[in-house]
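Structure first, commentary second.
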Amino acid sequence: MKPETKGAKTPMDAKPILSVNNLAVSFDTYQGEVQAVRGVSWHLGKGETIAIVGESGCGKTVSIQTVLRTNPKGVGRVKSGEILFDGENLLEKTAKEMRAYQGNRMSIIFQDPFTYLNPTMTVGDQIIENYRQHRKATRKEAEHRVLEIMQLINMPSPEKNMRRYPHQLSGGMRQRIMIAIAIICDPEILFADEPTTALDVTIQAQVIDLMNELKAKLNTAIVLITHDMGVVANMADRIYIMYAGKIVEHGSSDDIFKRSAHPYTKGLLGSVPRVDRKTDEDLYSIRGAPPDLIAPPPGCAFAARCRYAMNICVRTEPESLHLGDSGHFSACWLNHPAFTRDARGERGMEVHHG
Ligand code: SF4
């Protein structure tokens with residue numbers, strides 16, 4: 001059975017609530033400048049779910065930390081770009097002005113609740129404290145709001161569980177608490193950074209269902225950061241595939257799952273186990289490692305790992321090309337009209353790898 005995708009609005013049919021345009025972020029290290037994000041653009045519509053997908057180190061988390069301004073202090077230098085939220089450039093906001101956005105209009109669910117939750121406080125107190133940091137509310141008003149949220153996230157025995165400490169709850173319940181903290185101030189955008197990675201498969205499915213349910217109830221836009229195409233298939237309207245600090249393919253869920261055009265995307269999809277595959281041999285893994293971003297290669301950054309790489313790939317970087325009229329883009333020479341399979345043969349475009 002192929003992964004069922006959500007289908008979706010494509011291209012994005014609403015004015016974006018968040019637009020990241022040509023964002024470049026570098027880290028200065030003793031070895032040199034690490035170009036973690038290299039001119040990335042993506043857009044999020046109101047009430048929409050997008051996924052930014054790639055291996056670790058591809059720049060997806062750095063992009064989100066830059067939007068939320070949660071990069072560790074002094075780390076990460078924005079070299080170019082703009083981040084427009086409701087028409088205002090967040091990169092021009094002071095740290096104080098950003099507090100009106102962080103945890104209020106935008107919030108985040110992290111991968112591992114244990115590293116975020118305070119082990120010495122009950123989870124109820126932690127949600128209350130978070131709420132009162134952002135809203136002027138009495139303790140009683142905050143408690144009332146917390147109970148409302150506990151019901152919204154389908155927390156069993158909410159009053160009893162509010163009085164428990166994180167270690168007294170299961171992994172799934174702790175992740176529900178993280179979701180409660182993230183949504184208690186009614187954010188317009190919810191970022192979810194690998195929200196199910198630390199959970200077992202059954203609990204993963206429950207958390208995905210909960211996030212989809214909340215999105216339907218609250219109309220919150222979601223930016224999902226993950227390497228897991230299974231999670232993406234169940235949540236995303238549109239998908240951005242990121243590799244070596246750049247977006248290499250983007251389109252609707254259907255474009256990516258049914259008509260993927262970039263070899264890296266195909267590799268990500270091929271590495272997901274599926275019940276319709278007959279043997280383990282069908283499971284494809286992308287060999288090698290991403291390039292060193294201190295000295296990114298001049299051509300396609302994926303060339304050293306790509307089974308279809310040609311001479312031009314190592315010399316010249318492919319542009320992102322619009323495929324059809326659906327808002328599906330891919331940055332690969334294979335998709336260029338001048339590089340059909342026949343043309344490659346006629347022009348002697350050698351393939352590097354078999
Ligand atoms: Fe592979 Fe070349 Fe396409 Fe890069 S541009 S993904 S190396 S075929």
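For ligands, and for the atoms within them, numbers begin at 1 and follow the listed sequence. All heavy atoms count here, side chains included; hydrogens, waters and symmetry mates do not.
For ligand 1, the atoms sitting less than 4.0 Å from at least one non-hydrogen atom of L334 are 8 (S), numbered in the order shown with element in parentheses. Applying the 4.0 Å criterion to heavy atoms of H262 picks out, from ligand 1, the atoms 6 (S). Applying the 4.0 Å criterion to heavy atoms of W333 picks out, from ligand 1, the atoms 3 (Fe), 5 (S). Here is the list of ligand 1 atoms found below 4.0 Å of a heavy atom in C313: 2 (Fe), 5 (S), 7 (S), 8 (S). Those atoms of ligand 1 with a heavy atom of C300 less than 4.0 angstrom away are 4 (Fe), 5 (S), 6 (S), 7 (S).
Taking a cutoff of 4.0 Å between a charged side-chain nitrogen and a carboxylate oxygen, D125 and R132 do not qualify as a salt bridge. Contact check on E141 versus R145 returns no salt bridge, with no Lys/Arg side-chain nitrogen under 4.0 Å from an Asp/Glu carboxylate oxygen.
Between Y116 and Q126, the side chains place no donor N or O within less than 3.5 Å of an acceptor N or O (distance only, hydrogens not considered).
Of all the heavy atoms of C332, the ones lying under 4.0 Å from any atom of ligand 1 are found in both the backbone and the side chain.
Among the backbone and side-chain atoms of C306, no N/O/S atom is found under 2.8 Å from atom 2 (Fe) of ligand 1.
Under the 30°/60° scheme for interplanar angles, the aromatic rings of Y243 and F302 are found to stand perpendicular.
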Could you go through the salt bridge (charged side-chain N to carboxylate O under 4.0 Å, His left out) check for E55 and R305 one step at a time? CA-CA 13 Å; E55 293 163 291; R305 306 172 77 187; 3.0 Å; yes

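One hydrophobic cluster, built from ILVMFWY side chains closer than 4.5 Å, holds both M98 and V20.
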